[in-house]
Engineer: 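For reference, the structure I am asking about is given below.
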4 protein chains.
Amino acid sequence: MTRGTNDAGERATTGAARGAPSRRADAVRNRASIIRATRRLVTERGTDAAMGEIAKAAGVAVGTLYRHFPTKADLLAAVVTQYVETLAQAIQEAWARVEQGSADAGQEVLNFVARALEMTSGNQAAKAAARTLGVQPEYSEAEARATEALERLIRAGCDSGRLRSDLTVADIYILVAFCPSDSPVEVRLRWLELIRPGLLGDGA
Amino acid sequence: MTRGTNDAGERATTGAARGAPSRRADAVRNRASIIRATRRLVTERGTDAAMGEIAKAAGVAVGTLYRHFPTKADLLAAVVTQYVETLAQAIQEAWARVEQGSADAGQEVLNFVARALEMTSGNQAAKAAARTLGVQPEYSEAEARATEALERLIRAGCDSGRLRSDLTVADIYILVAFCPSDSPVEVRLRWLELIRPGLLGDGA
Amino acid sequence: MTRGTNDAGERATTGAARGAPSRRADAVRNRASIIRATRRLVTERGTDAAMGEIAKAAGVAVGTLYRHFPTKADLLAAVVTQYVETLAQAIQEAWARVEQGSADAGQEVLNFVARALEMTSGNQAAKAAARTLGVQPEYSEAEARATEALERLIRAGCDSGRLRSDLTVADIYILVAFCPSDSPVEVRLRWLELIRPGLLGDGA
Amino acid sequence: MTRGTNDAGERATTGAARGAPSRRADAVRNRASIIRATRRLVTERGTDAAMGEIAKAAGVAVGTLYRHFPTKADLLAAVVTQYVETLAQAIQEAWARVEQGSADAGQEVLNFVARALEMTSGNQAAKAAARTLGVQPEYSEAEARATEALERLIRAGCDSGRLRSDLTVADIYILVAFCPSDSPVEVRLRWLELIRPGLLGDGA
DNA sequence: TATGAATGAGCGTTCATTCAT
DNA sequence: CATGAATGAACGCTCATTCAT
């Protein structure tokens, strides 16, 4: 959690050149495995997914699960946090492309919504689950990065007349927060089409 | 709750036009009270709202709760069903206004989405909750009525050029199904504005 | 069911010559109906038969059921008592036949066991159920009559050398108490055959 | 409970010949304790013995009870199964004695019934309880062993003229199934005497 | 550090019993 | 007298969490 950021957001001591893969490596593998299993089970069955089942699905014992996440809420928060992290990355990349002139800001915003729609699938449940359990996951840092990049993106899109002139970051969040992420493709595609006119500029 | 059909959709004075309210009257009151409490608690805590708590919130004992709704799923289904019923009524009234020339079809569709947004508040959760428990509430009749009226409304709106020419009933349902019903007013209003362009005709 | 000793062992006020059959007649009918329903349900499902179900099966409301039998235990006791009453009658008739020379005492004892085996069917459950609930049904009077008649029967059978010389009333009770009353016919018949040698005299 | 296979039919020292008893040892003790408690309570109160009470009587929490027996039916089945196992062993030993000439077949059959009468005590109830809950305990293997040995025993007894010539294994089962196992000694002894003539040969 | 047995509060549901009508 | 809605203790069972090994 202090370097690289791998799947579970944990540095992997590639070291320990000789001997068993060290306790630490196991722990890292376990953590990733747990988060993966959680995402899957929570998607399928919501909050009702039991800690015991998650542990089994992750191939560890409950005790190990609890060593990594002292509470069910913590576990759920971890899943949500990771998702926000991924989103932030997507936006930053989009902004990078626009900055170096290789993409249109307006189009990138549209693309971002589509991507978010896709990525949210499965985590929507996690989000709801987290909310239910009263979790206050620490987006902060990742969210800040995402917001900043998105703001720049939108400003650029508005300036070019491509996007609706009064569009804000909050608008995008609202839309993404209430998108049909777990619905069949037809619904998701149609929703994107219904949404688009509201994002584009009057003369677009 | 102020109209002819009361909150529990049951006529109160079966016979005995005057005289004591009888246990029967209590029962009716209880049923309404239970549904009200359920809507509230489920909104707050989702499926995890316990039957015992719902009962207490409704001011009855568990047994009474179960006399009215033999299963948690049944209870949730009842809440959802009632909500669909209300929606159906709203659309039918809208169509009636349009038919007698006292309103514009396009505007009524827009208004309906706004109204649905408002009414969905609190029931969104119930709907999700019901889904979680595998409930298959019997919308059928009410839903059929709603769909038919909405179809007419949309057709009229499209014919007048006011609505997007390829708009369908399903589109409205998608939007309503994923609206920020439980969010603060600002969010709800903004969402409506973001959505509007996607519903209106190109030359609107 | 309206005269003599009726099914529920209650005298029926044949009176009330004119007018509705009087509350009393209804009550009598209800009581009989309840006992019948109880016997059936308890046979099928044991103690788990619910008071509510029994009431419904008897065609009355729970309240009525409770008016007749203030407790589930009371209801069960009534069924058991009635069964003992029937047994007592059977033995008394047997003794009457022997006394007037129209039957052999030993054979009558054998016949009685067979009959008891048959009659116990279905009530075995009631008996067990009653025991479970800690009922102490008031056999006393009927049991006393039965015991006295059976004693005479056995004495006569022993005197004639037909029955095992040390046979007692208690012996018969033991056998009847632990007979395969609810088993298929083959089992019941075979049991009677296995039992017989133990009842007959050495030289029989 | 004093023989090789312990009360729970489980070998205690899996590995670790010496050292701390480990939770595993506790688990084994718990299982035995649970079965013991179940047998006692079910004898006293039949199926109505609550899981919670059984747990308390066994000195464990409900959760532990359920870890060992996922269902009340399973628990009851375990008790019944263990009983059948014990019976099977008794018969096999009897046959072994007869085979090596150290005992008379007829007498062993009689002895077996007596022993079964004794051992059934307490489990009769469990059996009935299990039946009530629709359990289909897996006697199969143990029962098969018992039946085979008993068959040989009976055949030998018949050949020697000691036992009733048409006696079958089923006959013994019938008798044992309906014996006064939970009654006071006098009753049990008397019942054995009443039964004996039916099992012995005509000229015995 | 990983394991998994143990714990016990809590959940959905049932049912004997009461009592206003 | 009959009715049936209401009550609430109790039951079978689950599951987040702890802790001895």
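Worth knowing before you read on, the calculation uses all heavy atoms, side chains too, and leaves out hydrogens, waters and symmetry mates. The sequence lines fix the lettering, A, B, ..., with proteins before strands; numbering per chain opens at 1.
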Engineer: Sub-3.5 Å donor-acceptor pair from the side chain of T64(D) to the main-chain atoms of V60(D), do we have one?
Structural biologist: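 It does not hold such a pair.
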Engineer: Rounded to whole angstroms, how far apart are CE on M51(A) and C1' on dT18(F)?
Structural biologist: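 Those two atoms, CE and C1', are 13 Å apart.
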Engineer: Grab the CZ-C1' distance between R45(C) and dC15(E) for me, whole Å please.
Structural biologist: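 My rounded result for the distance is 13 Å.
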Engineer: Searching all strands shown, indicate the nucleotide that pairs with dA20(E) (Watson-Crick or G-U wobble; both distances under 3.5 Å).
Structural biologist: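 Matched dA20(E) with dT3(F) under the 3.5 Å cut-off.
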Engineer: Taking CZ from R29(C) and C1' from dA2(F), how many angstroms apart are they, rounded to a whole number?
Structural biologist: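 From R29(C) CZ to dA2(F) C1': 14 Å.
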Engineer: OP1 or OP2 of dA2(F) sitting under 4.0 Å from any side-chain N/O of N30(C)?
Structural biologist: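 N30(C) to dA2(F) OP1/OP2: side-chain N or O found under 4.0 Å.
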Engineer: Between G59(B) and T64(C), which residue's closest nucleotide on DNA chain F lies nearer the 5′ terminus?
Structural biologist: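 Going by which nucleotide is closer to the 5' end, it is T64(C).
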Engineer: Paired with dC13(F): which nucleotide, if any, by Watson-Crick or G-U wobble criteria at under 3.5 Å for both distances?
Structural biologist: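 dC13(F) is paired with dG10(E).
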Engineer: Please report the distance, rounded to the nearest Å, between CZ in F69(D) and C1' in dC13(F).
Structural biologist: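 Rounded to the whole Å, the gap is 16 Å.
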Engineer: With a cut-off of less than 4.0 Å, is there a side-chain N or O of H68(B) near OP1 or OP2 of dA5(F)?
Structural biologist: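 Looking at the OP1 and OP2 atoms of dA5(F), neither is under 4.0 Å from any side-chain N or O of H68(B).
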Engineer: Counting distance only, does the side-chain N/O of K56(A) pair as donor-acceptor with the main-chain N or O of V62(A) below 3.5 Å?
Structural biologist: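 Absent.
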Engineer: Just the rounded figure in Å: distance from P of dT14(F) to NZ of K72(B).
Structural biologist: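 Computing the K72(B):NZ to dT14(F):P distance gives 16 Å.
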Engineer: Just how far, in rounded Å, is P of dC19(F) from OH of Y66(A)?
Structural biologist: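 Between P of dC19(F) and OH of Y66(A): 13 Å.
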Engineer: V62(C) or L65(A): which one's nearest nucleotide on DNA chain E is closer to the 5' end?
Structural biologist: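 Per heavy-atom nearest nucleotide, the more 5' residue is L65(A).
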Engineer: Looking at E53(B) and A50(B), would you say the former's side chain and the latter's main chain have a donor-acceptor pair under 3.5 Å?
Structural biologist: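 Yes; judged by distance alone, with no hydrogens or angles, the pair exists.
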Engineer: Rounding to a whole Å, what distance do you find between R67(A):CZ and dT17(F):P?
Structural biologist: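 Roughly 16 Å, once rounded to whole Å.
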Engineer: Under a 3.5 Å distance rule, please check whether S33(B) uses its side chain to pair with a backbone N or O of R29(B) as donor and acceptor.
Structural biologist: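 Not at all, since once roles are kept as given, no pair shorter than 3.5 Å links the two residues.
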Engineer: Just the rounded figure in Å: distance from P of dA16(F) to CG of L75(A).
Structural biologist: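 Checked: the CG to P distance equals 10 Å.
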Engineer: Mapping A73(C) and A61(D) to their closest nucleotides on DNA chain E, which lands nearer the 5' end?
Structural biologist: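 The answer here is A61(D).
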Engineer: Could you give the distance from CG (L75(C)) to CZ (F69(C)), rounded to the nearest 0.5 Å?
Structural biologist: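 L75(C) CG to F69(C) CZ: 5.5 Å, rounded to 0.5 Å.
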Engineer: Nearest nucleotide by nearest heavy atom, which residue falls closer to the 5' end of DNA chain F, V60(C) or E53(D)?
Structural biologist: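 This one resolves to V60(C).
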Engineer: Any base atoms under 4.0 Å from A49(B), or only sugar-phosphate, or nothing? Heavy atoms, all strands.
Structural biologist: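 The answer is sugar-phosphate, as A49(B) gets under 4.0 Å only of primed atoms, P, OP1 or OP2.
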